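Computed from heavy atoms alone, side chains included, the values below leave out hydrogens, waters and symmetry copies. Note that the coordinates shown come from a computational prediction; the quantities given were computed from them, not determined experimentally. Each chain gets a letter, A, B and so on, in the order its sequence line appears, and its residues count up from 1.
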2 protein chains.
Amino acid sequence: MEASISQTVPATSRERILEVALAEFAACGYEGARLQDIARAAGLSHPTLLYHFESKEGLYAAVIAAATADWAAETRRAISGNRQGFEQIASLVEAAFHFFETHANFVRVLRREAIEGGERLGAASADVLAPFVAEGVSFLERETAAGRLRPHDPLELMALCYAAVFTHFSDAAFRSRVLGDDPLTPAALRRSRDALLALLRAALDPGG
Amino acid sequence: MEASISQTVPATSRERILEVALAEFAACGYEGARLQDIARAAGLSHPTLLYHFESKEGLYAAVIAAATADWAAETRRAISGNRQGFEQIASLVEAAFHFFETHANFVRVLRREAIEGGERLGAASADVLAPFVAEGVSFLERETAAGRLRPHDPLELMALCYAAVFTHFSDAAFRSRVLGDDPLTPAALRRSRDALLALLRAALDPGG
DNA sequence: ACCTGTCTACTGACTTGTCAGTAGAGCGCC
DNA sequence: GGCGCTCTACTGACAAGTCAGTAGACAGGT
């Protein structure tokens, strides 16, 4: 599974299918998405889609794999700076907002999986995420011990950040409906991100 | 739509259907849920289900209505104390954890709706929620002006609390898969709730 | 000649919703 | 107390439609 989700108009049928399939799975869920609709949106008949992807499940797996590859790359970049204390947290939160801004549909797919327990993602995804979480916990414990962060339950802190960022993107349409604003404009994203950072800084940063 | 979701074994077919339908819609989503499966779980044939509820959409609406009635009652109770400052926030967070503990399946249904923009909920739900949010914002502004809370973006603060509580319940199965613990045990709920309250207190309570 | 990408036409499985009919409880009435 | 009538709750069988996936033909490039 190689292809990543491009930002420009995709050249090949395979790339076009991946892009519209992500949007369709995000909007309708796995069960609700129709191969015929995805194919039509990509300008193809649905048997042609099945020529490129062996089955609906195969297409879904390819969509997940493509977006996951992008995510892994972006996360590696955000922690490569080897920052300390609150600065590292801020850097990760900013990276998350930036990544999901360009992959909002992927968040909705992930959220659906999370609701269902992630069975469709396969055991692999849990095995990928667990070490990432463990590393985060040990970072928080280390920085707290060094006095660069005020003490807080590390696991719950990470869960809260995950919840805040994911919800902002996955529930954007709902928030827009209830509040009347669009949470995905650059200004709204900045506002939400800064509010989260301000709250975290007030609670965690010894110098804040 | 009168019936509420009971905690004990439901006596009537209608109540049994509502209960297993909530579980099925939570687990599979609206599209993924099968009337036949719901009926079988309730010990009936599927035409009998359609005898009690005119259609799949009608059943879904009835499920939402029953749970929403419970939610409204619990929320009214939590704000009836007329508390001030951080105490009122803590009271609401505690009430939310308590309510969703007994209605975890309802959270998953709501989250699915949020992902899809809540179109199936009808305009009514937005009209119910908007005043609730407005009241929360004006409470936060009033208490901040009175010096009982440290200043923070009110809307984003509410969004963050919503995100934290909803995610804890809607993504419980996923968290359990990644971390190996069960987030819905009383101890885990207390831990998560207290972590959220500690963070909020550190950021908002002038005396904390 | 063969491979790639595409199409039209089709099938089988499955789902919602309908229909006609059954079992049994309740009720007035002679 | 037996009879006719109605109502609720329920069922099996079926109609209508949808969906994923298959078969086979066809066009264009190498």
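When the salt bridge (charged side-chain N to carboxylate O under 4.0 Å, His left out) test is applied to A:R142, no partner is found at least two apart in sequence or on another chain.
Position along DNA chain D of the nearest nucleotide to B:S45 versus A:S55 favours B:S45 as the more 5'-ward residue.
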Check the interface with nucleotides 14-19 of chain D: list each N/O to N/O pair with the protein under 3.5 Å, or write none.
from: D:dC19; atom 1: OP1; to: A:R34; atom 2: NE; distance (Å): 2.7

Can you build the contact string for nucleotides 24-30 of chain D? Use B for base contact, S for sugar-phosphate-only contact, and - for no protein heavy atom under 4.0 Å.
-------
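Residues B:H98 and B:E74 bring a donor and an acceptor atom of their side chains to less than 3.5 Å of each other. Defined by atom type and a distance below 3.5 Å, a donor-acceptor pair is missing between the side-chain atoms of A:S80 and A:R77.
A perpendicular orientation is assigned to the rings of A:F132 and A:W71, their planes being inclined by more than 60° (bins at 30° and 60°). Between A:H103 and A:F99, the ring planes lie parallel to each other; the angle is under 30°, not in the 30° to 60° tilted range.
Side-chain contact check for B:F174 versus A:L110: every heavy-atom pair is 4.5 Å or farther apart. A:L196 is listed as a side-chain neighbour of A:F97, based on a closest heavy-atom distance under 4.5 Å.
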Pairing pattern in dot-bracket form [Watson-Crick, G-U; both distances under 3.5 Å; | = partner strand] for DNA chain C:
||||||||||||||||||||||||||||||
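Running 5' to 3' along DNA chain C, contacts with non-hydrogen atoms of chain A at under 4.0 Å begin and end at C:dT4 to C:dA9.
The side-chain hydrogen bond (donor to acceptor under 3.5 Å, both in side chains) pairs that include a residue from residues 110-120 of chain B are A:R112-B:E116, A:E116-B:R112, A:T167-B:R111, A:D171-B:R111, B:Y60-B:E113, B:R111-B:T167, B:R111-B:S170, B:E113-B:R120, B:E116-B:R120, where partners are two or more places apart or lie in different chains.
Between B:R201 and B:D205 a salt bridge is recorded (basic side-chain N to carboxylate O distance below 4.0 Å).
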Take B:R34 and A:E31, measure what salt bridge (Lys or Arg N to Asp or Glu O under 4.0 Å) needs, and give me the verdict at the end.
CA-CA 11 Å; B:R34 310 291 170 212; A:E31 306 273 353; 3.5 Å; yes
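Minimum interatomic distance between B:H168 and B:S192 (heavy atoms only, all atoms of both residues): ND1-OG, 3.0 Å.
More than 12 heavy atoms of other residues, nucleotides or ligands shown are found within 6.0 angstrom of CD on B:E94.
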